Structure formats: C-alpha cells, structure tokens
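Notes follow the structure.
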Amino acid sequence: MTDGIRRAAVIGYPIAHSRSPLIHGHWIEQFGITGHYDKIEVHPDDVRSFLMGLAERGLVGCNVTLPHKEAAFQAVQNRDRHAEALEAVNTVWLENGELCGSNTDAFGFLANLDDLAAGWGANGGPAVVLGAGGASRAIIHALIDRDVTPVHVINRTLPRAEALQEFFGSKVRAHGWSELLDLLSTCRILVNTTSLGMEGQPPLEVPMEALPQSALVTDIVYTPLITPLLASAQERGLRIVDGLGMLLHQARPGFEKWFGPAPTVDETLRSLIVKDLESHT
Ligand code: ATR
C-alpha cells in the first residue's frame, strides 16, 4: 500500500471468467474509496507462496476461487469456524502480519435467501440438497446453522453424500436419486448444487408436483438466471430464488475487511452483473 491505494484481488486458475472485480469495483466506486481490485492467475503450485507474500505484493487480502480454496485453507494461519467446517477458504486477509481465512459461501447463500425470501427458514426443515460437491457442503453448513434440518443430500455418487453425512452428523442424511420423489413430499426447501441446468448441461428434472405448495426452490446455477428447475417451480406457483445473489452476497465480508465500509447488494449491482453475464453468452 506504498502509494496509499488499498489493493485486493481474486486468485484462481483460470481466472478470466471471474466477476469479482466487477462486484468490488462497483463498491469501490460507490464508496469513493482509494482502492483497487484485480484478478490474478496463480498456478496451483504457487498458491502457498503467493499467499505468504501477500503483503510484499502490496495486497491487503484476496478472494480465492477454483481450484485453490483447499490450498488456501492449508496455507492460512488462522481460520474461522466457516472455513473449518468447509475445509476451504475463499476470503483471505492479514491481521498482525498473520494470514487469516474465512469461507463466505454459506453466508452468501443465507443472505441471498434472507434478501429475496424473507422468513424462509422460520419453520425449519426438512431440506433437500441435490449434489454433494464443495457448494453442497457450504449449503449444508448454512442450513444447519439456521436449524433448517434434517438435510437430505441426494447424489449420483452415493459415497460423496455419505461422506457429508459422516462429516456433519445425524442432521444430514445421504440418499441416491431413486429416493427423490419420497423426500419431496415433506420438503420445505429444495436446493440444486449440481451443474445440471447450467448452459450447455442437461436440464435437471424434478417432479415439481411432488413438492408442498409452501416449498421454496433455489438453484446455485445462475447461467441462465432462471434455470429449467426454477422455471418449472415457478410454473407450479412455488417461491423461487435464483443463484446470482449468492455470488454477490459472498463478496460482502471480504470487502468490509479490506476496505472498511459494509457494502450492500442492490439492484444497480445486480443489473451490472446480469448485463455482463448476458454479454458473454
Ligand atoms: P462443486 O464443488 O462446484 O459443487 P463438483 O464437486 O464438481 O462441484 O460437484 C458437482 C455436483 O454435480 C456433484 O454432486 C455431481 O455428482 P457426482 O458427485 O455423482 O459427480 C453432480 N453432477 C454433475 N453432473 C451430473 C449429472 N449428469 N447427473 C447427476 N449429478 C451430476
């Protein structure tokens, strides 16, 4: 920060696709901060040394995206409980010269629902989560935090769902796809964390009529914004929340740590990112 400019960045491999510079750039401008947010491609072999040299590079912190979140978890000296639960770090900052790491994906998921479907978790679970990758783990952690349990995890590769059950304990139950129909009948919130429904991928087919009328359906896929899953839920008259807000809200804690002010997700930011997504499809 020798020139008085606070600098942060997002690291990944590849990194060209990242929307984080647009999000943070919007807030930097909004608050009139003397700051800058870059994207930096870092090879998987170099993640630890990059992070250890953060201050020397003039950075006050960084976001970490795929495939570096686990390496960042290993590299930081201090982790908060969210990082510990996910064994992955997406936000890094410095405190007394030490590297600190958090994972804000669960925060982003919850803040998006709180924003667009207020009161959504008031009656608890059951929740049904489709998929058992890194995103699924963040969402299970989030749902347990809000007592939206039990969380039924359905995955094509059953052992991955079972591993999540083992990690989180009895509030999580692993299932194969053949159990979907039965689980939907009492489901309060259905979350897709698989890549199905993303542009270029096959759609996710779920028998929407099996869900209670009060169920909420949400998807972490945001290209397209309204996935086939969300479209069919909407057609059935169910409440839906798209996945873009999770991306926007997960950026908030990092911005506050690095630059000071607490940013919000407003319509201007949302339409800025929607426009950018549309220009790349
Ligand atoms: P992430 O860490 O981003 O969540 P991931 O680890 O690649 O990504 O997980 C992707 C999820 O989508 C997995 O649950 C995957 O199921 P498997 O564990 O069986 O691979 C799921 N998925 C991807 N393509 C799928 C398909 N065609 N049918 C069913 N599930 C699919």
Side-chain angles (χ1 to χ4, degrees), residues 17-20 22-23 26 65-66 104-121 127-136 138-140 142-143 146 148 151-156 177 180-181 183-185 187-252 264-281:
H17 65 281
S18 174
R19 263 87 193 191
S20 291
L22 263 182
I23 301 170
H26 168 78
T65 189
L66 302 177
T104 64
D105 285 338
F107 169 83
F109 174 76
L110 294 173
N112 186 32
L113 293 185
D114 291 344
D115 193 13
L116 300 178
W120 66 275
V128 174
V129 175
L130 308 174
S136 171
I139 283 160
I140 295 166
L143 291 168
R146 288 289 178 91
V148 180
V151 182
H152 297 288
V153 183
I154 297 181
N155 200 47
R156 176 178 59 180
W177 279 95
L180 175 65
L181 193 59
L183 291 170
L184 289 181
S185 65
C187 170
R188 286 221 164 92
I189 172 167
L190 173 69
V191 189
N192 174 45
T193 77
T194 74
S195 46
L196 293 170
M198 198 182 283
E199 270 151 21
Q201 298 281 329
L204 173 58
E205 275 157 28
V206 170
M208 282 300 160
E209 63 286 355
L211 278 167
Q213 191 61 46
S214 57
L216 172 69
V217 179
T218 185
D219 202 325
I220 66 154
V221 173
Y222 54 85
T223 51
L225 218 46
I226 301 298
T227 58
L229 176 80
L230 294 180
S232 62
Q234 211 165 27
E235 212 165 286
R236 158 108 193 338
L238 304 179
R239 267 198 307 178
I240 64 160
V241 174
D242 70 63
L244 180 59
M246 181 174 169
L247 171 76
L248 304 177
H249 284 281
Q250 65 77 32
R252 285 169 45 201
T264 55
V265 171
D266 59 14
E267 219 18 74
T268 316
L269 174 61
R270 213 180 135 82
S271 44
L272 179 79
I273 305 302
V274 168
K275 216 175 279 171
D276 185 69
L277 293 171
E278 283 168 356
S279 72
H280 288 89
T281 54

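These numbers were taken from a predicted model, which means no experiment stands behind them. Scope of the values below: all heavy atoms of this structure, side chains included, with no hydrogens, waters or symmetry mates.
In terms of heavy-atom proximity, A132 sits nearest to N155 at N-OD1, 3.3 Å. The two atoms that bring P224 and T227 nearest to each other are O-CG2, 3.5 Å, heavy atoms only. Nearest heavy-atom pair across T218 and L230 is CA-CD2, 4.0 Å. Considering all non-hydrogen atoms of both residues, A251 and I23 come closest at CB-CG2, 3.9 Å. When all heavy atoms are compared, the tightest approach of G197 to P228 is O-CD, 3.8 Å. When all heavy atoms are compared, the tightest approach of I220 to M246 is CG2-SD, 3.9 Å.
Proximity of P207 to L181: side-chain heavy atoms (C-beta onward) are separated by under 4.5 Å at one or more points. L211 is listed as a side-chain neighbour of V217, based on a closest heavy-atom distance under 4.5 Å. The side-chain heavy atoms of V241 and F109, taken from C-beta on, include no pair separated by under 4.5 Å. Counting heavy atoms from C-beta on, the side chains of L272 and D276 never come closer than 4.5 Å. Between V221 and L204 the shortest side-chain heavy-atom distance does not fall below 4.5 Å. With a 4.5 Å cut-off on side-chain heavy atoms, D114 and R146 count as touching.
Interatomic distance, L238 CG to M208 CE, rounded to the nearest 0.5 Å: 6.5 Å. Annotation: the span from L190 atom CG to L180 atom CG amounts to 7.5 Å, rounded to 0.5 Å. The distance from the CG atom of L269 to the OG1 atom of T264 is 8.5 Å, given to the nearest 0.5 Å. Between the OG1 atom in T223 and the CE atom in M198 there is a gap of 5.5 Å [rounded to 0.5 Å]. Atom CD of Q234 sits about 5.0 Å away from atom CD1 of I226, to the nearest 0.5 Å.
For E235, the CD atom counts as loosely surrounded, since its 6.0 Å shell holds 12 or fewer non-hydrogen atoms of other residues, nucleotides or ligands.
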Inset, instruction - Under the salt bridge (charged side-chain N to carboxylate O under 4.0 Å, His left out) rule, what do R270 and D242 come out as? Steps first, then yes or no, please. - result: CA-CA 12 Å; R270 213 180 135 82; D242 70 63; 2.6 Å; yes
Legend entry - Stepwise side-chain contact (heavy atoms from CB on, under 4.5 Å) check, L22 with K275: CA-CA 11 Å; L22 263 182; K275 216 175 279 171; over 6 Å; no
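Panel note: side chain Q213, backbone G237; a donor-acceptor pair is recorded below 3.5 Å. Listed for the S136 side chain is a donor-acceptor partner under 3.5 Å among the backbone atoms of G131. At distances below 3.5 Å, not a single donor-acceptor pair connects side-chain atoms of D105 with backbone N or O atoms of A138.
Checked options I154, N192, V191; the residue passing with V128 is I154 (criterion: side-chain contact (heavy atoms from CB on, under 4.5 Å)).
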